[in-house]
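See structure below.
Numbering of ligands and ligand atoms starts at 1, following listing order.
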Amino acid sequence: MADAPRESSQQRLHPHTALVHGEDPYHANAVRASTPPIYLSSTFSSQHATSFGEYNYSRSANPTRDALEAKLAALDAAQSAISQDSQQASRLAYVRSLACASGVTALNTLLTVLAPGDEVLCSQDVYGGTFRLFSDAWQQRGIIVTYVDATNAEAVQQAWSQKTKLLHIEPVGNPLMSVCDIALLATIAHERGGLLSVDNTSLTSLHCKPLVLGADIAIQSATKYLCGHGDVTSGVVSLRDEQLAKRFAFHHNAEGSALAPFDCYMLHRGMESLAPRMYWQERTAQNLAKRLQTIPGITRVRHPSLLTARDARVHSAQSSGHGAVISFETGNEERSKHIVEALKLFAIRVSFGSVTSSASMPIFMSHRAIPAALASLRPPTDLIRLSIGLEHEEDLWKDIEQACAKG
Ligand SMILES: *Cc1c(COP(=O)(O)O)cnc(C)c1O
């Protein structure tokens, strides 16, 4: 075929280019279509009665999913913009990505490396649904879950027990923006014979490369920035060890966790504009975060661009960008409620990373599932979280100003 994939030249492409070019994985694209065909077929026939062809059943493998997974793996393996110098040295030889039905499904694949009686150490500042999955669903099945302040390497070392198999973190917690050092925590986990998994949803594999930094497992909810348009629930798990990847792939098939073909196409399409969306949204977020600090009564504005000291150093060494989620406090739950309800351009809804802006009070929505024993870790009741979309900064600012004046 004239346009056969050129693996070696593909490897040299900058991530921004790779996002729109991909590696022509559209097997037998006989009509030279410029967008990937969607193979909705659940089965593929075989020429022989005693063996399968390349594809046989879409739960196991599907060409549209293969195309997406190749793109996801290329992005997780590619060197990030922060250290071009070491581009050659640190590129990963092997990365495999598995597209999953949701971000939570991707998190649930971590059970591949855990058995009843094993312990997972989990950062305290993680997504609310991670608490629900680990503390409610997994603990019922005999997994021990211990929460730890993973911004503190000593606390992690002290918490590590004979039973610990896995450390799970987010590089920048959301909405509180606590920063975990991926490379340092990978070393700590590996010295103790454990694995490190990183939920990279808020920075994405465009900005942060957990596998390049030493993590074993990188997870994203693709529902957020990767898809970017709020119309596909999806997740991804990426691995850099071939044996481990085979175990995950086995379970992905055995448990039926894969993303459906049409959704694979939608996510593939959304990812083509990931870089310009991300840069635009986070630039607006950074400007709005600064401007929010000037509004009387608004306190503790949080955005990764406002980090200081150790947090700023660790963050800038492991991420080439900040994401577009801002949070702030108002000193009063009622005032926060009035502000959120007075916003016109920001819809009140959970989730983030879409092209339209949204607002929420995490304690009542995304972080409701924090276990009672960890009540001290709940976000403040007056905390407002904004996800900044593609609207013009001045329109968003005027909206925030009028809402705060009413609130
Ligand atoms: C949303 C989210 C998830 C869960 O993803 P779903 O696609 O909603 O299942 C996991 N981790 C983080 C950090 C998230 O923001």
Side-chain angles (χ1 to χ4, degrees), residues 68 72 76 97-111 120 122-138 145 147 150 166 168-180 182 197-208 210 215 217-238 252 255-260 263-264 266-267 270-271 278 281 285 302 304 319 322-327 349-354 358-363 365-370 377 379 383 385-388:
L68 170 67
L72 290 165
D76 252 312
S97 295
L98 300 167
C100 300
S102 68
V104 162
T105 308
L107 285 166
N108 204 45
T109 67
L110 292 171
L111 283 178
V120 51
C122 182
S123 164
Q124 290 170 347
D125 191 10
V126 290
Y127 173 63
T130 305
F131 281 114
R132 181 169 47 216
L133 177 71
F134 287 11
S135 285
D136 300 342
W138 285 10
V145 183
Y147 294 95
L166 181 72
H168 179 78
I169 62 163
E170 293 179 16
V172 181
N174 165 5
L176 299 178
M177 317 286 170
S178 62
V179 177
C180 294
I182 297 172
S197 70
V198 175
D199 182 335
N200 196 23
T201 303
S202 65
L203 298 174
T204 77
S205 46
L206 175 68
H207 279 329
C208 175
I217 306 161
I219 286 171
Q220 292 172 84
S221 165
T223 313
K224 317 290 164 59
Y225 291 111
L226 293 189
C227 163
H229 294 73
D231 52 9
V232 187
T233 301
S234 51
V236 47
V237 53
S238 299
H252 193 243
E255 294 164 12
S257 324
L259 189 63
D263 289 351
C264 288
M266 293 286 285
L267 178 53
M271 283 179 70
M278 196 63 164
Q281 289 174 231
R302 294 177 173 97
S319 179
H322 302 310
V325 173
I326 305 171
S327 66
R349 56 172 182 242
V350 292
S351 197
F352 60 91
S354 189
S358 62
S360 69
M361 294 177 71
I363 192 73
M365 288 182 162
S366 52
H367 287 66
R368 243 185 356 202
I370 297 179
L377 299 173
L383 190 85
R385 185 177 81 178
L386 301 179
S387 171
I388 304 303

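Residues Gln220 and Ser205 bring a donor and an acceptor atom of their side chains to less than 3.5 Å of each other.
Counting atoms of ligand 1 from 1 in the listed order, those under 4.0 Å from a heavy atom of Val104 are 4 (C), 5 (O), 6 (P), 9 (O). Near Ser102, meaning under 4.0 Å from any of its heavy atoms, are these atoms of ligand 1: 7 (O), 9 (O). Below 4.0 Å from some heavy atom of Ser234 lie the following atoms of ligand 1, by number and element: 7 (O). Taking every non-hydrogen atom of Phe352 and a distance limit under 4.0 Å, the qualifying atoms of ligand 1 come out as 15 (O). Residue Thr201 has at least one heavy-atom neighbour below 4.0 Å for each of these atoms of ligand 1: 11 (N), 12 (C), 13 (C), 14 (C), 15 (O).
Nearest protein heavy-atom neighbour of atom 8 (O) of ligand 1: Tyr127 OH, 4.0 Å. What sits closest to atom 1 (C) of ligand 1 on the protein, heavy atoms only, is Lys224 NZ, 1.5 Å.
Residues Tyr225 and Leu206 have side chains not in contact (no heavy-atom distance under 4.5 Å, counting atoms from C-beta outward).
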(request) Just do the side chain to side chain contact (heavy atoms under 4.5 Å, CB included) check on Met177 and Val325 with the steps written out, would you? (result) CA-CA 10 Å; Met177 317 286 170; Val325 173; 4.2 Å; yes
(message) For Met271 and Leu72: C-alpha separation, side-chain torsions, deciding distance, then whether side chain to side chain contact (heavy atoms under 4.5 Å, CB included) applies.
(response) CA-CA 9 Å; Met271 283 179 70; Leu72 290 165; 3.6 Å; yes
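Considering backbone and side-chain atoms together, Ser221 places an N or O closer than 3.5 Å to an N or O of ligand 1. By the 3.5 Å distance cut-off applied to N or O atoms, Thr223 is counted among the residues near ligand 1. Residue Gly103 places at least one N or O, backbone or side chain, under 3.5 Å from an N or O of ligand 1.
How far CD of Gln124 is from CD1 of Ile169: 13.0 Å, rounded to the nearest 0.5 Å. The CG atom of Leu386 sits 8.5 Å away from the OG atom of Ser327 when rounded to the nearest 0.5 Å. Note: Ile182 CD1 to Leu203 CG = 7.5 Å, rounded to the nearest 0.5 Å.
Using a 4.0 Å cut-off between heavy atoms, Asp199 contacts ligand 1 through its side chain alone, with no backbone atom that close. Looking at Ser202 against ligand 1, nothing comes within 4.0 Å, counting heavy atoms.
Annotation for His168 and Ser197: closest pair ND1-OG, 2.7 Å, computed over non-hydrogen atoms.
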